[in-house]
Each structure stands twice: as C-alpha cells, then as structure tokens.
Amino acid sequence: MKSLLFLITSLALLCLPQFAISQSSATMKTIDSTSLTSFAPTGTLRVGINLGNPILANEDLASKNLYGVTIDIANEIGKRISLPVRLIPFKTAGATVDAVKTGDIDLVFVAIDPVRGADISYTPAYIQIEGAYMVKTSSPLKTNAEVDAAGNEIVVGKGSAYDLYLTREIKNATLLRAASSQAVIDDFMSGLGNVAAGVKQQLESDAKRYEGLRMLPGRFMVINQAIGIPKARSSYETTNAFLSSVIAELKQSGFVAESMKRHNIQGAKVAD
C-alpha cells in the first residue's frame, strides 16, 4: 500500500510542473479582447513593412506582392489573433516609424534604438544584422577605426538605424544623408562622401552594379531587429508581453530560421 501511495504521489508531482508550464505558456500566448482592441482598433492588423532593408522584406516587381521574414511573422501573428493582416510598404525605416507615431499602423519591424524607443515599445530581437562600411578601392582607409576622423564624410540612409547610431557615435567625421538606404551607393558613386554605411548585405548587393568598391573588414555595429508597437495605445504593455512570447516561441521552434532559409537570407542570424 505504501509503495502504491508513493508511486501515485510521485506521478502527481511529475505532472504538476508540466501542467504549470502549459498553463503559463497558454496565458502568455493569448491576448484579451480589451488589449486586442487597443492593438488593432480597426479590426485589421495594419503592419508597416520597411522595404529599405532587403534582409527583412522585398517586393516582387511584377506582382507587387511583398515577401520576406517580416511578412511571414506578420501573417503568423494575424493567425494567432484571428484578424486579417494588411501589409503597408514603406521605402524607409524612418517613414515606417512616423506612421506608428501618427497611429496609421499598428505594428512595425524596425531596429531597436533608444531614440525611437521614446514612442515605440519593442519586443526582444528576432534577427541580428551587421552594419558595415564600404569605400572605393583607391581609398586609403583600411579599418573601421579609421573612419571617424576629420575630413571623412559618411553617406548613410536618412532616418535608418545606422543614421541614428552614427549620429550618436561619430565625433569627428561628417554624416551625409541620402534619401534612403537604397540610395546610399548611387549617391556615393555620384561623388557624395568617401565612405558608405549601411546593412552589409545591402551594400554588397548594390556594389555589384559598380566596379572599384570594397568593404572594410568587420562591422561597425550589430543591429537588433524587433517588433515595435506604439506606446500611445492604452494596453501596449499587455500587447508587448503577448508579442514577446510569440517572438520567443518563433525563435525557439525554428520558425524564424526556416523563414530566413526559405528567403535565402545570408549574413544575418536568429537573435539570441
């Protein structure tokens, strides 16, 4: 009898932690009706898609359909909250952030930055991307450390994460702002500045259109990409907790990694 009682008690104790985890997980992966209304007040989840970063999103030129990691994540969130998703493309991260501030969109995929953080609540990062410098082959610059010197002019996409970062960090060189991240190399090759800054993969892709360019080795920053929602919404903290749990699960389950592989994303990694 004692052996049977011990067995029953042991089995019950083994089941309790699993049940608790299941209940906690289920709680974190749902969103109440009040928070849902705050999150998507129009009844449609309006998602800002930044086409200025090809690692995250792209547009098919023929069909105009959007595709990429951020589109996959947006659609997955829509499924989980049982709302239709409207993808709204923007050419720059800055324009996407502005749309959040005006309330025209409900969710964005942008780099975590303390300046933007005044108005935007971030989830943990889902992808990490490298920011790099490119120079002309004839340039005497050999390392990233040499860039921040008087007389150097760095071309960067206006309002991008790299612009915000370099605005804080560069002390001696001058920043020259292109209209967008896509315009950096064209402006650079037209004679603007002597260093180009941006997403490493974007610069490498753009450089294929020109000769006489080389990347400086390494990186000048690591960009953590996350979901952002407007702090102006009444239940943004509850919504952020929900979205953070979804991002954690999508990273752990391999969803983000599989999406990156499917879209042939190189040079980025799933965030820790």
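Since the model is a prediction, treat every value here as computed from it, not as a measurement.
Shortest non-hydrogen contact noted between Gln128 and Val222 is CB-CG1, 4.1 Å. Closest non-hydrogen pair, Arg214 versus Leu216, comes out as NH1-CD2, 3.6 Å. Nearest heavy atom pair, residue Thr238 against residue Ser35, reads CG2-OG, 3.2 Å. In terms of heavy atoms, Lys171 sits closest to Arg168 at NZ-O, 3.0 Å. Scanning both residues, Ala226 and Ile112, for their nearest heavy atoms gives CB-CG1, 3.6 Å. Smallest separation of non-hydrogen atoms from Met134 and Phe188: O-CZ, 4.1 Å.
Using a 3.5 Å distance cut-off with no hydrogens or angles, the side chains of His263 and Asn58 do not pair a donor with an acceptor.
Taking CZ of Phe39 as the reference point, atom CG of Leu45 lies at 4.5 Å (rounded to 0.5 Å). Distance check, rounded to the nearest 0.5 Å: CG of Leu83 to OG1 of Thr44 gives 7.0 Å. Atom CZ of Phe109 sits about 12.5 Å away from atom CG of Asn53, to the nearest 0.5 Å.
With a 4.5 Å cut-off on side-chain heavy atoms, Asp32 and Thr30 do not count as touching.
Checking side-chain atoms of Tyr122 against main-chain N and O of Asp113 turns up a donor-acceptor pair under 3.5 Å. Under the 3.5 Å distance criterion, the side-chain polar atoms of Ser205 are left unmatched by any main-chain donor or acceptor of Gln202.
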task: List the steps, then state whether side chain to side chain contact (heavy atoms under 4.5 Å, CB included) holds for Leu250 with Asp72.
output: CA-CA 11 Å; Leu250 295 184; Asp72 292 346; over 6 Å; no
task: Begin with the C-alpha distance, continue with both residues' side-chain angles, and end with the deciding distance and a verdict on side chain to side chain contact (heavy atoms under 4.5 Å, CB included) for Leu107 and Ile227.
output: CA-CA 7 Å; Leu107 178 154; Ile227 288 176; 3.7 Å; yes
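Counted within 6.0 Å of NZ on Lys231, heavy atoms from surrounding residues, nucleotides or ligands total more than 12; the atom is thus considered enclosed.
Classification of the Phe220-Tyr133 ring pair by plane angle, with boundaries at 30° and 60°, yields parallel.
Looking at Leu243, Val108, Asp106 one by one, the single match for side chain to side chain contact (heavy atoms under 4.5 Å, CB included) with Ile229 turns out to be Leu243.
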